[in-house]
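Okay, structure first, notes after.
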Amino acid sequence: MADTFEELQTVRDMIRYAISEFNRAQLFFGHGSDNAWDEAVYLTLHSLSLPLDNLDPFLEARLLKSEKEHCLSLIKARVEKRVPLAYLTGEAWLQGHRFIVNENVLVPRSPISELIAEQLQPWVADPEAPLNILDICTGSGNLAILAALEFPHAHVDAADISASALEIAQQNINLYQLDHQVHLYQSDLFESLPPKAYDIIICNPPYVNSTSMEALPDEYRNEPALALAGGEDGMDLVRRILYAAPNYLNEAGFMVLEIGHEYENFLTAFPSISPTLLETETTNESILLLTREDLLMLD
């Protein structure tokens, strides 16, 4: 390690070394990047407090001893503990927005964010309207915050059962100065929410089925199981959500629900309804749109 320390002189050297270490360790990528290069560049630039979008001017910059130590400590933790990089840096990026994270919340990555960035068109006729929006299982609050930013006159409620997750969500709300618009509730799904009819419910619940949970890469095992595990067929929480949701939607309201790779299990669990599939750049069967009328068709 001493020889390695001396030989790593520049930003370019550190990035190359990180890529080699990540490839040797056969890390799993899926928390904001999908390859060793992107993750190595982000780790290095973040640890050096350099602009994340401007690598070239700094490639030949020489590293201080303290900077090398910090970079190498992050690389070691990423390789040996398989910790998602977002937990090591304390931040994650989604749709160009920075969110504070720690091990008490999932790393933000929901493809629902792509649909919110498009203002849920064509399902929302007027993004400037004073909508009531609910984000169930909010975690770090990233989807609630993105909704508040895209729908500036909306009132956004965000709920989670985890007090630790809500602490992070509040930090993110403070970061974006959205206390006037986004309000947090500690609640087991709908149980502790005020009586209200929402125009939109956004939900990225725990939905991973038990077989898939056992096969998750170590990186995902470092995330809170409470936010991932959905029972035998992945639908345990989804069942509770769907049967209760009509009571919290206005007549023209709808739900945007993420179910990951569980579409077949969803169809088996809810044969009486026909969801609308919402496509993004990364998926075509992971996000469903369900109107209040759809949900009232549940057996």
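You'll find the side chain of D157 stays beyond 4.5 Å of the side chain of I133, heavy atoms only. Residues L48 and L63 form a side-chain contact, since some pair of their non-hydrogen atoms from C-beta on lies under 4.5 Å apart. With a 4.5 Å cut-off on side-chain heavy atoms, V182 and D135 do not count as touching. Looking at H155 and K196, their side chains come closer than 4.5 Å, going by heavy atoms from C-beta outward. Counting only heavy atoms from C-beta outward, the side chains of P57 and N54 approach each other to under 4.5 Å. Within the 4.5 Å cutoff, the side chain of V124 has heavy atoms near those of the F254 side chain. At a threshold of 4.5 Å between non-hydrogen side-chain atoms, the residues L288 and L277 count as touching.
Distance check, rounded to the nearest 0.5 Å: CG of N284 to CD of E279 gives 5.0 Å.
No donor-acceptor pair closer than 3.5 Å links the side chain of S212 to the backbone N or O of V208. S187 places a side-chain N or O within donor-acceptor distance of the main-chain N or O of S192, the cut-off being under 3.5 Å. S286 places a side-chain N or O within donor-acceptor distance of the main-chain N or O of G260, the cut-off being under 3.5 Å. Formation of a donor-acceptor pair under 3.5 Å by the E128 side chain with backbone atoms of D126 is not found in this model.
At a threshold of 4.0 Å, the pair K76-E69 does not count as salt-bridged, since none of the basic side-chain nitrogens sits closer than that to a carboxylate oxygen. In summary, K81 and D218 do not engage in a salt bridge, as defined by a charged side-chain N under 4.0 Å from a carboxylate O. One finds a salt bridge joining E39 and R78 here, because a Lys/Arg side-chain nitrogen approaches an Asp/Glu carboxylate oxygen to under 4.0 Å. A salt bridge between R62 and E67 is absent, with no side-chain N of the basic residue lying under 4.0 Å from a carboxylate O of the acidic one. Salt bridge E251/R292: absent, no basic N to carboxylate O contact under 4.0 Å.
Between the side chains of T280 and T282, a donor-acceptor pair is found at a separation under 3.5 Å. If you check the side chains of H31 and E223, you find a donor sitting under 3.5 Å from an acceptor. Judged by distance alone, the side chains of Y42 and T89 do bring a donor and an acceptor atom under 3.5 Å apart. Side-chain contact, N250 with D199: a donor N or O sits under 3.5 Å from an acceptor N or O. Defined by atom type and a distance below 3.5 Å, a donor-acceptor pair is missing between the side-chain atoms of Y207 and D236. A donor atom on one side chain and an acceptor atom on the other are not found under 3.5 Å apart for R24 and S20. N142 and S140 share a donor-acceptor pair across their side chains, judged by distance under 3.5 Å alone. Looking only at atom types and distance, the side chain of D179 has a donor-acceptor partner in the side chain of Q170 under 3.5 Å away. Inspection of the E232 and N209 side chains reveals no N or O donor paired with an N or O acceptor under 3.5 Å.
In terms of hydrophobic clustering, with Ile, Leu, Val, Met, Phe, Trp and Tyr side chains grouped at heavy-atom distances under 4.5 Å, L295 and M235 are assigned to a common cluster. Y87 and Y220 fall into different hydrophobic clusters, where Ile, Leu, Val, Met, Phe, Trp and Tyr side chains are chained together by heavy-atom contacts under 4.5 Å. Criterion: ILVMFWY side-chain heavy atoms under 4.5 Å apart, direct or through other members. Under it, L278 and L94 are part of a common hydrophobic cluster. V105 and L143 fall into different hydrophobic clusters, where Ile, Leu, Val, Met, Phe, Trp and Tyr residues are linked whenever their side-chain heavy atoms come under 4.5 Å apart, directly or through other members. Note on I273 and V256: separate hydrophobic clusters, where clusters join Ile, Leu, Val, Met, Phe, Trp and Tyr whose side-chain heavy atoms are under 4.5 Å apart, directly or indirectly.
The two residues R109 and G30 have their closest heavy-atom pair at CD-O, 3.4 Å. Minimum interatomic distance between Q95 and E114 (heavy atoms only, all atoms of both residues): NE2-CG, 3.4 Å.
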Go through E191 and R240 one step at a time and tell me if the salt bridge (Lys or Arg N to Asp or Glu O under 4.0 Å) criterion holds.
CA-CA 11 Å; E191 286 185 5; R240 291 178 55 196; 3.6 Å; yes
Check the pair Y248 / F190 against ring-ring contact (aromatic ring centres under 6.0 Å, His included), numbers first and verdict last.
CA-CA 8 Å; Y248 293 87; F190 298 96; 4.6 Å; yes
Can you list the steps and then say if I136 with L134 is a side-chain contact (heavy atoms from CB on, under 4.5 Å)?
CA-CA 6 Å; I136 286 282; L134 172 64; 3.7 Å; yes
How far apart are the C-alpha atoms of F22 and Y17, what are their side-chain angles, what is the distance that settles it, and do they pass the ring-ring contact (aromatic ring centres under 6.0 Å, His included) test?
CA-CA 9 Å; F22 293 168; Y17 175 75; 9.1 Å; no
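Annotation: E60, atom CD; neighbour count of heavy atoms from other residues, nucleotides and ligands within 6.0 Å is above 12. Atom CG of L216 is surrounded by more than 12 heavy atoms from other residues, nucleotides or ligands within 6.0 Å.
Using bins of under 30°, 30° to 60° and over 60° for the plane-to-plane angle, the ring pair Y263/F266 lands in the parallel bin.
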